[in-house]
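Notes for the one structure printed next.
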Amino acid sequence: MITQRTTGRRKQAAAAAAVVAALLSTAACGGGGNDDDGGSKNGAAGFNAANNKVAQASLAKKGGTLKFAGVQDADSWDTTRGYYGFAWNFMRYYSRTLVTGNAEPGAKGAELSPDLATSTAKISDDGKTYTYTLRDGVTWEDGKPITSKDVKYGIERQWAQDVLSGGPVYLKDVLDPKGEYKGPYKDKSADKLGLKAIETPDDKTIVFKLPQANSDFEDMLALASSSPVRQDKDTKSKYGLKPFSSGPYKFESYTPNKSLTLVRNPEWKASSDKIRKAYPDKITLTLFTNANDMDQRLINGDYDLDINQTGMSPQGRTTALKQHKGNLDNPVSGYVRYAVFPQSVKPFDNEHCRKAVIYGADHESLQTARGGPVAGGDIGTNMLPPSVPGAEGQKYDPYESATTNKKGNVAKAKEELKACGQPNGFKTTIAVRNNKPVEVATAESLQASLKKVGITAEIDQYDGAQTSGIIGSPANVKKKNYGIIIMGWGPDFPTVQGFGLPLWSGKYILESGNNNFALIKDKTIDGLFDDYVKELDEAKKVELSTEINHKVMEGGYYLPFVFEKFVNWRGSNLANVYTTDNYSGQYDFVNLALKK
């Protein structure tokens with residue numbers, strides 16, 4: 001899951017980190033809702049009042065306009081193509097899936113509940129057949145029933161990567177491992193429903209027949225990319241401009257990078273939906289070009305929350321912590337922030353050159369650039385986030401990044417440079433999104449520490465709105481000589497498969513929309529993933545998860561920065577607010593309400 005946070009003007013995050021850390025330390029000790037934290041003065045619920053628990057549920061009212069602000073539009077509002085975490089969260093307003101995460105705080109939010117289906121799957125003993133029955137009364141925005149064929153067609157669109165690239169492709173690999181199906185746009189069958197692994201014996205029944213069992217299959221069906229799409233409403237590459245709604249809200253207007261408005265879908269029936277309460281009458285999104293401007297408007301009360309959900313800017317945090325800390329939550333996210341080394345760019349085809357960067361980095365400085373221990377998170381020592389079974393946190397620290405080498409190890413880095421045939425160092429380029437101030441600060445920190453070991457790194461700030469076409473294109477990465485890419489990732493669903501498969505599997509290297517930036521093609525890692533997906537014993541799955549993480553770290557493909565934490569703004573006008581593990585510590589958008 002990609003997380004996005006952008007601003008139109010570069011801002012040094014590191015400069016404010018010490019102030020923010022001190023303020024957060026004070027905030028963490030303060031009581032929720034007291035005068036000293038701004039709680040009772042402006043109606044705020046108090047510091048961390050919605051962190052893994054529900055704040056002000058009893059004050060929720062029907063009606064009103066829920067106002068989101070943001071500095072980054074979705075990569076796509078097409079459920080097949082979107083891959084930003086906040087977009088998946090928001091898509092639940094207008095799209096439904098067979099199953100979805102619970103509308104509950106914390107870890108319970110990541111557990112699955114039936115949505116379009118009457119129940120979770122009926123699974124065969126061999127784990128290869130999943131059967132669902134659709135609920136009565138589920139309809140499209142024009143009142144026509146949602147059918148099993150609509151669900152199948154929506155899933156089939158994932159095969160049309162030449163037209164609809166960018167989204168997750170787990171189901172392609174699981175349902176069609178040989179790549180035999182060519183997608184609905186090249187489908188020669190009359191109904192364009194030729195994917196044999198999905199059967200629709202009637203309009204209410206859908207059956208998935210897996211060539212091989214996959215113990216995380218139902219988690220994949222809970223992703224937004226498994227939403228139904230009706231064939232006669234499929235505008236292909238333009239679908240993200242106005243998706244056809246299966247949920248309680250529908251698109252009224254959308255201007256990319258400027259604004260989006262959802263209004264009630266009168267054909268949605270509350271009786272058919274056990275997840276969504278649909279409190280507001282209208283939901284708006286206004287996009288800004290500058291994070292500081294947006295944060296000030298949030299503080300002013302002009303907007304209710306930030307759709308991007310990756311924390312306030314350093315300037316906004318400092319102001320909010322001093323004056324409005326009762327409006328803030330500080331959740332641990334499911335994200336790891338990191339640098340990754342594409343093997344197509346020399347000399348990073350040599351693992352010792354990769355490890356020279358890892359040892360040469362000042363990990364404490366990188367943590368500070370991210371916002372410090374509380375606003376940024378603990379120093380990242382490996383690539384498996386704490387929310388994923390098999391994670392070991394800082395206990396697994398193969399490069400001693402959080403201990404002996406936390407300020408970098410010049411001698412060790414130079415040893416690795418000699419081992420890779422670059423004793424005098426080398427030149428490379430760090431790719432970073434131009435509209436993410438924290439990433440720019442991180443790149444500058446890394447640049448400074450690498451200079452001490454003889455590695456000269458230029459920083460190329462590319463258009464953050466074009467991520468999938470710039471760093472998501474291996475050909476472009478090689479052309480631009482991007483030896484180091486700064487990025488972040490959270491679980492698509494909370495397992496090693498849901499986090500690591502798009503990043504580490506050789507099968508997931510794509511020509512566009514690629515996320516395996518390191519271009520890892522490791523038979524051992526791929527074999528461990530093959531073992532994991534077939535394994536039904538939970539304890540053995542955890543062991544395999546740990547082993548995969550170890551193999552990734554041993555290859556030196558990544559330099560983790562932090563196990564990330566956020567400082568998020570919660571408007572005083574909001575009710576029924578809570579963070580959820582389903583979206584990596586974000587607020588769960590789907591049942592937000594305005595206060596009575």
Side-chain angles (χ1 to χ4, degrees), residues 76-83 88 91-92 94-100 112 114-117 120-121 123 128-135 138 140 145-187 189 191-212 214 216-237 239-240 243-247 492-493 497-498 501-502 508 513:
S76 176
W77 293 114
D78 183 334
T79 50
T80 301
R81 304 188 75 177
Y83 217 145
W88 288 359
M91 284 172 182
R92 288 215 286 184
Y94 62 86
S95 69
R96 299 180 65 177
T97 44
L98 291 169
V99 291
T100 190
L112 296 180
D115 185 1
L116 285 173
T120 53
I123 308 172
K128 293 183 180 181
T129 303
Y130 288 67
T131 303
Y132 296 91
T133 302
L134 297 190
R135 292 183 189 276
V138 293
W140 293 103
I146 298 168
T147 70
S148 57
K149 292 178 177 61
D150 297 330
V151 177
K152 179 176 181 177
Y153 183 80
I155 290 171
E156 283 185 340
R157 292 173 90 241
Q158 293 181 40
W159 275 253
Q161 286 297 302
D162 55 334
V163 180
L164 304 175
S165 64
V169 291
Y170 296 101
L171 292 179
K172 279 182 82 257
D173 189 40
V174 172
L175 294 173
D176 183 28
K178 295 181 181 177
E180 294 173 336
Y181 185 58
K182 301 306 178 187
Y185 306 148
K186 297 177 181 178
D187 195 326
S189 57
D191 59 5
K192 307 300 181 187
L193 296 170
L195 178 61
K196 294 177 181 177
I198 305 178
E199 297 177 356
T200 53
D202 57 58
D203 283 349
K204 282 290 192 74
T205 307
I206 186 164
V207 183
F208 298 87
K209 295 197 169 178
L210 285 60
Q212 293 183 331
N214 189 303
D216 293 341
F217 181 70
E218 199 158 28
D219 289 289
M220 299 172 192
L221 292 178
L223 297 176
S225 52
S226 298
S227 301
V229 172
R230 211 168 79 195
Q231 279 194 56
D232 66 331
K233 298 297 181 181
D234 183 7
T235 52
K236 300 183 179 179
S237 63
Y239 190 71
F244 199 62
S245 176
S246 57
D492 293 341
F493 43 89
Q497 183 178 197
L501 202 64
Y508 277 71

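Looking only at distances, no side-chain donor or acceptor of D173 sits under 3.5 Å from a matching main-chain atom of Y170. Judged purely by atom type and a 3.5 angstrom limit, T200 has no side-chain atom pairing as donor or acceptor with the backbone of D202. Looking at S226, its side chain does come within 3.5 Å of a backbone N or O of M220 through a donor-acceptor pair. Judged by distance alone, the side chain of Q231 and the main-chain N or O of D191 form a donor-acceptor pair under 3.5 Å. Judged purely by atom type and a 3.5 angstrom limit, K149 has no side-chain atom pairing as donor or acceptor with the backbone of L193.
Counting heavy atoms from C-beta on, the side chains of P168 and W88 come closer than 4.5 Å. Side-chain contact between W140 and D150 is present, with heavy atoms from C-beta onward closer than 4.5 Å. The side-chain heavy atoms of L98 and F208, taken from C-beta on, include a pair separated by under 4.5 Å. Within the 4.5 Å cutoff, side-chain heavy atoms of T129 are placed close to those of V207.
In this structure, the side-chain contact (heavy atoms from CB on, under 4.5 Å) partners of S95, at least two apart in sequence or on a different chain, are T79, M91, S227, S246. Remark: Y239 pairs with no residue by the ring pair (Phe, Tyr, Trp, His ring centres under 6.0 Å) rule, at least two apart or across chains. Contacts of T133 classified as side-chain hydrogen bond (donor to acceptor under 3.5 Å, both in side chains), with partners at least two apart in sequence or in another chain: none. Not a single side-chain hydrogen bond (donor to acceptor under 3.5 Å, both in side chains) links T235 to another residue, sequence neighbours left out. Every residue two or more places apart in sequence or in another chain that forms a side-chain contact (heavy atoms from CB on, under 4.5 Å) with S76 is listed here: D78, R81. The salt bridge (Lys or Arg N to Asp or Glu O under 4.0 Å) check on E199 picks up K209, with sequence neighbours excluded. By the salt bridge (Lys or Arg N to Asp or Glu O under 4.0 Å) test, K192 pairs with no residue at all, sequence neighbours left out. Take Y153 and apply the ring pair (Phe, Tyr, Trp, His ring centres under 6.0 Å) test, not counting sequence neighbours, and it matches no residue. Partners of D115 under the salt bridge (Lys or Arg N to Asp or Glu O under 4.0 Å) rule, at least two apart in sequence or in another chain, are R96, R276. For K172, there are no side-chain hydrogen bond (donor to acceptor under 3.5 Å, both in side chains) partners, not counting sequence neighbours.
Residues Y83 and P502 come closest through the heavy atom pair OH-CG, 3.6 Å. Shown here for P114 and A117, the closest heavy-atom pair between the two residues is CB-O, 3.3 Å. Nearest heavy-atom pair across K152 and I198 is NZ-O, 2.8 Å. Nearest heavy atom pair, residue T97 against residue L221, reads CB-O, 3.6 Å.
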Which pairs would a plain distance check flag for residues 158-167, meaning a side-chain donor or acceptor within less than 3.5 Å of a matching protein atom at least two apart in sequence or in another chain?
unit_1: Q158; atom_1: NE2; unit_2: S225; atom_2: O; d: 3.0
unit_1: W159; atom_1: NE1; unit_2: D176; atom_2: OD2; d: 3.0
unit_1: Q161; atom_1: NE2; unit_2: Q158; atom_2: O; d: 2.9
unit_1: D162; atom_1: OD2; unit_2: K186; atom_2: NZ; d: 3.4

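Note that CG of L112 and OG1 of T120 are 8.0 Å apart. Values are rounded to the nearest 0.5 Å. One distance of note links CZ of F493 with CG of L223; it measures 6.0 Å at 0.5 Å rounding. Atom NZ of K128 and atom CD1 of I123 lie 14.5 Å apart (nearest 0.5 Å).
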Could you walk me through whether Y181 and E156 pass the side chain to side chain donor-acceptor pair (under 3.5 Å) test, one step at a time? CA-CA 9 Å; Y181 185 58; E156 283 185 340; 3.2 Å; yes

Report the C-alpha distance between Y94 and F244 in whole Å, list the side-chain angles of each, state the deciding distance to 0.1 Å, and finish with yes or no for side-chain contact (heavy atoms from CB on, under 4.5 Å). CA-CA 8 Å; Y94 62 86; F244 199 62; over 6 Å; no

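Each salt bridge (charged side-chain N to carboxylate O under 4.0 Å, His left out) pair with one or both residues in residues 216-231, not counting sequence neighbours, appears once here: D142-R230, D216-K541, R230-D232.
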